Asker: 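Pasting a structure below so you can have a look.
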There are 2 protein chains.
Amino acid sequence: MTLDSGFPVDGGAPTPVETVAGLGEAEVLRRIFPRLPHAQAELLGPGDDAAVVAAPDGRYVVTTDFMVQGPDFRSAWSTPHDLGWKAAMTNLSDVAAMGARPTALVVALAAPQDTPVDVLLGIADGLRDACALAAPGCGVVGGDLSTSPALTIAVTAFGDLEGRDAVTRSGGRAGDTVAVAGDLGRAGAGLWLLFRDAVTPTGRVPDALRAETVKAAHTELVAGQVAPVAPISSGVRAALGGATAMLDVSDGLVLDARRLAAASGCAVRFDASAIAREVGALLDVDAVVGDRAADFVLRGGEDHALLASFPAGAELPEGFRRLGELGDGSGVYLGDSPVEGEGGWDPYSGWDGASG
Amino acid sequence: MTLDSGFPVDGGAPTPVETVAGLGEAEVLRRIFPRLPHAQAELLGPGDDAAVVAAPDGRYVVTTDFMVQGPDFRSAWSTPHDLGWKAAMTNLSDVAAMGARPTALVVALAAPQDTPVDVLLGIADGLRDACALAAPGCGVVGGDLSTSPALTIAVTAFGDLEGRDAVTRSGGRAGDTVAVAGDLGRAGAGLWLLFRDAVTPTGRVPDALRAETVKAAHTELVAGQVAPVAPISSGVRAALGGATAMLDVSDGLVLDARRLAAASGCAVRFDASAIAREVGALLDVDAVVGDRAADFVLRGGEDHALLASFPAGAELPEGFRRLGELGDGSGVYLGDSPVEGEGGWDPYSGWDGASG
């Protein structure tokens, strides 16, 4: 079984497209390697059976995350650069959420055989540019290439705690201040717009040409979905600033706050005024979100903001905004009212099978 | 687009099959976690944004490898336990080939939505049993679940050099003894048998019922392909024994010897008598290989033997058998004759697109 790569190909191009199957693995790797970012922590890089990476304090942080065409992205909406960017950013964010400095990535990529090699080069460029912006010094130390009917990127990311304790989800205490760094709601709003306006009218199939129009009119929301800028450096700043608990807001503020609350044995109590400020900020980015703004702020996922708790009265590190506080009890409250409904995303029950 | 999981389902079972989509991610994870092996090096395990792993000498070895249904395995031939086993073993082997002790794995798994949860549990059991046999103390410290039309397992494995230098491919010198630990030819012979006898007569589609018959008649060859036992502990033994260069024979003896030769700036010269001994050993395992035995020994891949060079005159570590020596020049020789033809496997040009 073979599916096409799904990426738009310029049908008028006079030269044949170079595919990964036509070039073969060795030539594909030869073209990819020079584009990948170098990791300062690399002691032995690609080319042997395994890489060797420095862990100066005798520990390393590790996380892994899949991106699969269909459930996790649509190639009609995301450029190859977007895919590399987002694959890096989501993993860097998990490292940052431990209070660690991202040091290295390994990248396993499986692509349909007719995938143009330019798609893989674009992914490499996206990995490089995301590392350069969000985690300078972090680079790719190894990887693997394979074939799959669905383009699949598996990134494993590493980080250095620099001698500090890891900031887990469980260290929050009643009275702590709850704060966030990074955007809330853009990625969810961008996905809503794409599903509303960047699909074919009859089949509701993701459509590249319509996506261009949506991107032009709503640049920041679409970028928040396809190529989010996560506050990676805020992770170390939070740790240095005394964060008691922290996590990456990947599944929506309410759901991830509920996880922090449960792990810390507390309730998260959001100030109504703080949430109103976040809703206003999202409306300022793009008024198209309208009445849905609060829902995107509270339940939209994939922004990869950092939600953290700090000791009461501590000065919040640069980039963090107060959202409320931890209290006795359990669950998530907005003002005095419990917040119902989780939002979030389950890859098994949440995906309708639509590709594109 | 959704494909079925491909695994045989007992159509006579009175109870409905529990699928991953029906159960949802949280319940699937709840059932998987207790089956996964614990890593002694784990400082913080699954359940947070990332894990924390010990690196006592301030470095860690890392490698990553994809297994995709279709190009890398067929679910008509491999049980879920086989898949977990092989995904672990191939990655542990890359760690061992650096002379490191495997310490930890992270596992990202994407499965079609109708995959029975028992398939994932079987994979977890295979990961556990492979670690228990080949790398006691090594375990799973994290992972990710997603959805894909093709069952896909991405393992990233870590190792501890215990203060030693990594054994790369490039340290061999003319005069060094070339030796191997582990099987040669079984995996290639097993794949040949499966493609010959475990497919439907007309469509040549992998067939589970026929595979049972092949497995019963040729147990060791099929096991060498679907659940190889790689000589993982020989990696550390080789390093302690002074190995100058080493790699994992994943793509066939000749191709991987050519890589060691090229990296070390030498020629690999196999003794004709040593290769004859390996061919005889394969025939002793199963005479069905017949005239093809030499080809499987020289060009069959996926055995994950360890090919290493040692200083001339050094006593070979337990488990290693002399195959020849490094000489001046380049390339691979059998006796005085250059060996042509690579064998090996290119995921992009080597796969015909057949699934099953």
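These values consider heavy atoms only, across backbone and side chains, with no hydrogens, waters or symmetry-generated copies. All figures in this text were calculated on a predicted structure; none of them were measured in a lab.
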Asker: Picking from Val107(B), Asn91(B), Asp65(B), which has the most non-hydrogen pairs under 4.5 angstrom with chain A?
Answerer: Asp65(B)
Asker: Any sub-3.5 Å donor-acceptor pair from Ser146(A)'s side-chain atoms to Phe66(B)'s backbone N or O?
Answerer: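 No: the side chain of Ser146(A) does not pair with the backbone of Phe66(B).
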Asker: Locate the shortest heavy-atom distance separating Ala110(A) from Val68(B); write the atom from each residue and the value.
Answerer: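 That closest heavy-atom pairing would be CB-CG2, 4.2 Å.
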Asker: Taking the side chain from Asp48(A) and the backbone from Arg169(B), do they hold a donor-acceptor pair closer than 3.5 Å?
Answerer: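 Confirmed, Asp48(A) side chain pairs with Arg169(B) backbone.
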Asker: What is the ring orientation for Tyr60(B) with Phe158(A), classed by angle as parallel under 30°, tilted 30 to 60°, or perpendicular over 60°?
Answerer: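 Taking Phe158(A) first and then Tyr60(B), their aromatic rings sit tilted (interplane angle of 30° to 60°).
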Asker: For Asp165(A), I'd like to know if atom CG has over 12 heavy atoms of other residues, nucleotides or ligands within 6.0 Å.
Answerer: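 12 or below, so no.
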Asker: Mind running side-chain contact (heavy atoms from CB on, under 4.5 Å) on Arg59(B) and Leu43(A) for me, showing each step along the way?
Answerer: CA-CA 8 Å; Arg59(B) 302 168 300 163; Leu43(A) 301 175; 3.4 Å; yes
Asker: Pick whichever of Thr156(B), Thr19(B), Asp49(B), Val106(B) has the most heavy-atom pairs under 4.5 Å with chain A.
Answerer: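 Among Thr156(B), Thr19(B), Asp49(B), Val106(B), the one with the most close pairs to chain A is Asp49(B).
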Asker: Could you check which of Ala108(B), Ala154(B), Ala51(B) has the highest count of heavy-atom pairs closer than 4.5 Å to chain A?
Answerer: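 If we count pairs closer than 4.5 Å to chain A, Ala51(B) comes out on top.
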Asker: Return the option, out of Val52(A), Asp94(A), Val53(A), with the maximum number of heavy-atom pairs under 4.5 Å with chain B.
Answerer: Val53(A)
Asker: Please identify each residue that fulfils salt bridge (Lys or Arg N to Asp or Glu O under 4.0 Å) with Asp118(B), with sequence neighbours left out.
Answerer: none
Asker: I'd like to verify something: which residue of Asp144(B), Thr63(B), Leu44(B), Val61(B) has the highest number of heavy-atom pairs under 4.5 Å with chain A?
Answerer: Asp144(B)
Asker: If you count heavy-atom pairs under 4.5 Å between each of Leu161(A), Val141(A), Thr152(A) and chain B, which one has the most?
Answerer: Thr152(A)
Asker: Does any heavy atom of chain B fall under 4.5 Å from the side chain of Met67(A), the backbone, both, or neither of them?
Answerer: neither
Asker: Please flag which part of Ala166(B) lies under 4.5 Å from any non-hydrogen atom of chain A: side chain, backbone, both or neither.
Answerer: side chain
